[in-house]
Amino acid sequence: AIGKYRSIWALGLRNPFTFAVQPGNATAGAPFGTQPVIKTRDPFGNDSTSGLAGSLLVNVNLTGGAGPLQGVTALDVGTGTGNGSASFSDLRIVTIGTNKLLTASASGLGSTAGSTFTVSAGAATSLAIQAQPPASATAGVIFPSATVVRLLDAFGNLVTTDSSTVVTGSRSAGTAALGGTTSVTAVNGLATF
């Protein structure tokens, strides 16, 4: 039975397993809000364990977008353990971005790709200066270039969803008073002075 199953898959008629649940609702560094579920199926697309080995590991890998993919990436879908289903529980990615893609593969059954998804930044936990103030300035004159501060999550990703945090600049050395607008609200994770 398994030989017939494989030969039908080889003809490209159907994949012998599928993403029954697609990954999604992902925030950098946290387990995906929606974890993928892989199920084996027959050549007609029905869930099935017919001809399935007692033990068979299915592996998921990040094949699109920056990673790496973390967590337990291999589960047993065999009839002795998974009974044709593998439900992942702690997959996560620390790098934000769109068009992330997971591909599942199993020995003798080839591979199948899921749907693309997005990993968003977490809450802002730190600041970093993107554009430094000028090395020299004229007293009483607006700096010739803007100073830009980035709001970063715990993994160093720009928090582009933050347009409410107020960032305040202050003088940390020297004696002159810092003039102008010293508090600005971030826009898309950037505070521009």
Side-chain angles (χ1 to χ4, degrees), residues 15-41 56-77 81-82 84-134 145-170 172 183-193:
N15 285 328
F17 56 97
T18 187
F19 280 84
V21 176
Q22 298 287 345
N25 301 315
T27 299
F32 301 161
T34 304
Q35 293 282 330
V37 176
I38 308 296
K39 290 191 175 183
T40 58
R41 60 188 193 181
L56 180 65
L57 285 181
V58 60
N59 297 280
V60 291
N61 294 289
L62 184 66
T63 55
L69 178 65
Q70 298 176 338
V72 177
T73 59
L75 294 176
D76 195 339
V77 294
T81 302
S85 181
S87 298
F88 293 85
S89 62
D90 68 345
L91 297 180
R92 58 196 180 279
I93 298 171
V94 299
T95 307
I96 64 171
T98 58
N99 297 319
K100 306 285 187 180
L101 180 67
L102 298 185
T103 297
S105 60
S107 178
L109 297 182
S111 64
T112 189
S115 298
T116 58
F117 62 100
T118 297
V119 176
S120 302
T125 59
S126 65
L127 304 174
I129 297 178
Q130 175 174 300
Q132 295 281 349
S145 58
T147 300
V148 181
V149 176
R150 296 167 62 88
L151 279 67
L152 306 177
D153 70 8
F155 303 97
N157 298 302
L158 177 65
V159 186
T160 58
T161 55
D162 192 325
S163 293
S164 62
T165 297
V166 176
V167 178
T168 300
S170 62
S172 60
S183 293
V184 298
T185 302
V187 176
N188 299 327
L190 298 176
T192 304
F193 293 85

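All values derive from a computational prediction rather than experimental measurement. Because only heavy atoms are used, hydrogens play no part in the values below, and waters and symmetry mates are left out as well, while side chains stay in.
The side-chain heavy atoms of Gln130 and Leu190, taken from C-beta on, include a pair separated by under 4.5 Å. Looking only at side-chain heavy atoms (C-beta outward), Val94 and Gln70 come within less than 4.5 Å of each other. Side-chain contact between Arg92 and Leu69 is absent, with no heavy atoms from C-beta onward closer than 4.5 Å. Taking the side chain as every heavy atom from C-beta outward, Arg150 and Leu127 never approach each other to under 4.5 Å. Contact of the Phe17 side chain with the Val77 side chain is not registered, since no non-hydrogen atoms from C-beta on lie closer than 4.5 Å. Thr118 has its side chain out of reach of Asn99: every pair of non-hydrogen atoms, C-beta onward, lies at least 4.5 Å apart. Leu91 is not listed as a side-chain neighbour of Pro31, based on a closest heavy-atom distance of 4.5 Å or more. Proximity of Leu62 to Leu102: side-chain heavy atoms (C-beta onward) are separated by under 4.5 Å at one or more points.
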Output, in order, the C-alpha distance, side-chain angles, deciding distance and verdict of side-chain contact (heavy atoms from CB on, under 4.5 Å) for Ile96 and Ser120. CA-CA 5 Å; Ile96 64 171; Ser120 302; 5.7 Å; no
One pair to check against side chain to side chain donor-acceptor pair (under 3.5 Å): Thr63 and Thr103. What are the steps and the verdict? CA-CA 6 Å; Thr63 55; Thr103 297; 2.6 Å; yes
Take Ser89 and Val72 through the test side-chain contact (heavy atoms from CB on, under 4.5 Å) and record every step on the way to the result. CA-CA 8 Å; Ser89 62; Val72 177; over 6 Å; no
Going through the checks in order, is the side-chain contact (heavy atoms from CB on, under 4.5 Å) test met by Leu56 and Leu109? CA-CA 10 Å; Leu56 180 65; Leu109 297 182; 3.6 Å; yes
Take Thr34 and Gln22 through the side-chain contact (heavy atoms from CB on, under 4.5 Å) test and state the conclusion after the steps. CA-CA 7 Å; Thr34 304; Gln22 298 287 345; over 6 Å; no
Does Phe88 form a ring-ring contact (aromatic ring centres under 6.0 Å, His included) with Phe32? I'd like the steps, not just the answer. CA-CA 10 Å; Phe88 293 85; Phe32 301 161; 10.0 Å; no
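Shown here for Val58 and Ala86, the closest heavy-atom pair between the two residues is CG1-CB, 3.7 Å. Listed here is the closest heavy atom pair of Ala191 and Val184: CB-CG2, 3.7 Å. Considering every non-hydrogen atom in both Ser85 and Val37, the closest pair reads OG-CG1, 3.8 Å. Residue Phe193 comes nearest to Ser183 through the heavy atom pair CE2-N, 4.1 Å, listed as atom of the first residue, atom of the second, then distance. Closest approach of Ala28 and Ala121 over heavy atoms only: CB-CA, 4.4 Å.
Here the CG-CZ distance, from Asn25 to Phe117, works out to 10.5 Å after rounding to the nearest 0.5 Å. Separating the CG atom in Leu57 from the CG atom in Leu75 is a distance of 8.0 Å, to the nearest 0.5 Å. Taking OG1 of Thr73 as the reference point, atom CG of Asn59 lies at 6.0 Å (rounded to 0.5 Å). In this structure, Thr27 OG1 and Asp153 CG are separated by 9.5 Å, a value rounded to the nearest 0.5 Å.
A donor-acceptor contact shorter than 3.5 Å links the side chain of Lys100 to the backbone of Ala66. When atom types are taken as modelled, the side chain of Thr185 and the backbone of Ser164 share no donor-acceptor pair closer than 3.5 angstrom.
Remark: of the listed residues Asn157, Val167, Thr125, Val167 is the sole one forming a side-chain contact (heavy atoms from CB on, under 4.5 Å) with Leu151.
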